[in-house]
Amino acid sequence: MTMLNAAPPQPGDTLINLEEKLFPDHQAKPGDRALIMMHTVPFEGSVGLVNMLTTTRIVRKGFDTSFVLYGPGVLMAAAGRGFPHVGDEGFPGNLSVNKQLKTIMDEGGKAYACRFAMAGLYGMRETDVSPGVKPFHPLDVLDILIDHWRDGALTIATWTV
């Protein structure tokens with residue numbers, strides 16, 4: 001058996017090539033839109049937070065961005081999160097979803113939450129979602145997709161359970 005004599009990684013080491021970028025840094029052209037559809041359970045994996053970070057990057061590239069929460073995704077907009085009190089971070093990262101949603105909206109993105117999922121699935125009232133999140137009729141799930149498709153929008157749809 002051959003043993004490698006490489007030193008273990010240390011804090012501050014770079015393990016990968018951070019200089020090489022293969023594709024252009026695209027920016028939105030005037031009128032470009034983006035639609036991000038989130039049907040995922042917050043904190044049950046990385047997909048929700050990763051897509052929120054991607055959405056933030058899309059907003060920063062200048063796209064007119066709509067972030068749509070439906071199904072379990074509406075839980076990402078829960079305004080009552082925190083422990084022991086609302087707004088307290090019970091553990092590091094406990095409020096990461098709420099903070100990233102606020103960043104998306106503060107930087108110009110629009111956020112929506114499906115009323116059916118809110119009330120029918122999770123017993124949430126419209127006042128239970130984060131400020132700035134607009135509740136919408138469940139029939140709008142299809143219509144916002146059609147609206148953005150007709151404009152040729154960049155669309156990312158994540159569906160998990």
Side-chain angles (χ1 to χ4, degrees), residues 8-19 21-23 25-28 32-138 140-141 144-145 148 153-161:
Q10 299 297 314
D13 284 355
T14 301
L15 302 178
I16 57 171
N17 180 352
L18 295 174
E19 303 301 319
K21 187 172 180 323
L22 300 179
F23 302 99
D25 183 16
H26 292 285
Q27 300 297 311
D32 279 351
R33 298 172 74 195
L35 174 65
I36 292 72
M37 303 288 292
M38 292 296 302
H39 185 288
T40 190
V41 179
F43 303 105
E44 293 298 319
S46 63
V47 71
L49 186 57
V50 167
N51 277 1
M52 293 180 98
L53 295 169
T54 300
T55 301
T56 303
R57 188 155 184 249
I58 289 168
V59 169
R60 290 176 179 168
K61 286 179 168 286
F63 286 83
D64 176 4
T65 306
S66 296
F67 187 68
V68 178
L69 303 168
Y70 67 117
V74 300
L75 296 172
M76 297 175 90
R81 190 169 284 120
F83 186 84
H85 306 99
V86 172
D88 290 347
E89 196 157 34
F91 58 85
N94 181 201
L95 300 178
S96 59
V97 168
N98 299 75
K99 290 176 181 179
Q100 202 60 42
L101 181 58
K102 183 177 183 326
T103 297
I104 290 166
M105 293 185 295
D106 285 351
E107 295 189 15
K110 297 176 290 295
Y112 303 93
C114 177
R115 287 182 174 118
F116 174 79
M118 288 168 51
L121 301 179
Y122 301 108
M124 294 172 71
R125 302 163 296 190
E126 291 191 22
T127 56
D128 293 335
V129 296
S130 300
V133 175
K134 175 74 177 141
F136 68 91
H137 193 284
D140 282 328
V141 172
I144 195 169
L145 280 160
H148 282 74
L154 167 64
T155 302
I156 298 173
T158 300
W159 201 96
T160 62
V161 265

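- Minimum interatomic distance between P131 and M105 (heavy atoms only, all atoms of both residues): O-CE, 3.2 Å.
- A donor-acceptor pair under 3.5 Å is formed between the side chain of N94 and the backbone N or O of G90.
- When atom types are taken as modelled, the side chain of N17 and the backbone of E19 share a donor-acceptor pair closer than 3.5 angstrom.
- R60 contributes atom CZ, which lies 9.5 Å from atom CD1 of I104 (distance to the nearest 0.5 angstrom).
- Between the T65 side chain and the F63 main chain, a donor and an acceptor come within less than 3.5 Å of each other.
- Of the possible polar contacts, one joining the D128 side chain to the R125 backbone as a donor-acceptor pair under 3.5 Å is found.
- To the nearest 0.5 Å, atom CE of residue M38 and atom SG of residue C114 are 14.5 Å apart.
- The closest side-chain donor-acceptor pair between D140 and H137, if any, does not fall under 3.5 angstrom.
- I156 is listed as a side-chain neighbour of I58, based on a closest heavy-atom distance under 4.5 Å.
- Donor-acceptor pairing under 3.5 Å is recorded for the side chains of T56 and Q100.
- More than 12 heavy atoms of other shown residues, nucleotides or ligands fall within 6.0 angstrom of atom OH in Y122.
- More than 12 heavy atoms of other residues, nucleotides or ligands shown are found within 6.0 angstrom of NZ on K110.
- Looking at L35 and M37, their side chains come closer than 4.5 Å, going by heavy atoms from C-beta outward.
- In plain terms, the two heavy atoms of A79 and V86 that are nearest each other are O-CG1, 3.5 Å.
- Between M124 and L75, the shortest heavy-atom contact is SD-CD2, 4.1 Å.
- Side-chain atoms of S130 come within 3.5 Å of backbone N or O of A77 as a donor-acceptor pair.
- Although no hydrogens or angles enter the test, the distance criterion places a donor-acceptor pair under 3.5 Å between the side chain of K61 and the main chain of H26.
- By the 30° and 60° cut-offs, the orientation of the rings of W159 relative to H39 is parallel.
- Looking at P138 and Y70, their side chains never come closer than 4.5 Å, going by heavy atoms from C-beta outward.
- Put simply, CZ on R115 and CD on E126 are 4.0 Å apart, with the number rounded to the nearest 0.5 Å.
- Between atom CZ of residue R81 and atom CG of residue N98 there is a gap of 4.5 Å, rounded to the nearest 0.5 Å.
- Looking at Q10, its side chain does come within 3.5 Å of a backbone N or O of P8 through a donor-acceptor pair.
- Between V97 and P42, the shortest heavy-atom contact is CG2-CB, 4.5 Å.
- Here the OG1 atom belonging to T158 is positioned 12.0 Å from the CE atom belonging to M52, to the nearest 0.5 angstrom.
- D64 contributes atom CG, which lies 12.0 Å from atom CG of L154 (distance to the nearest 0.5 angstrom).
- When all heavy atoms are compared, the tightest approach of L101 to A111 is CD1-CB, 3.8 Å.
- Closest approach of L95 to E89, counting heavy atoms only: N-OE2, 3.3 Å.
- No side-chain heavy atom of I144 sits less than 4.5 Å from a side-chain heavy atom of F136.
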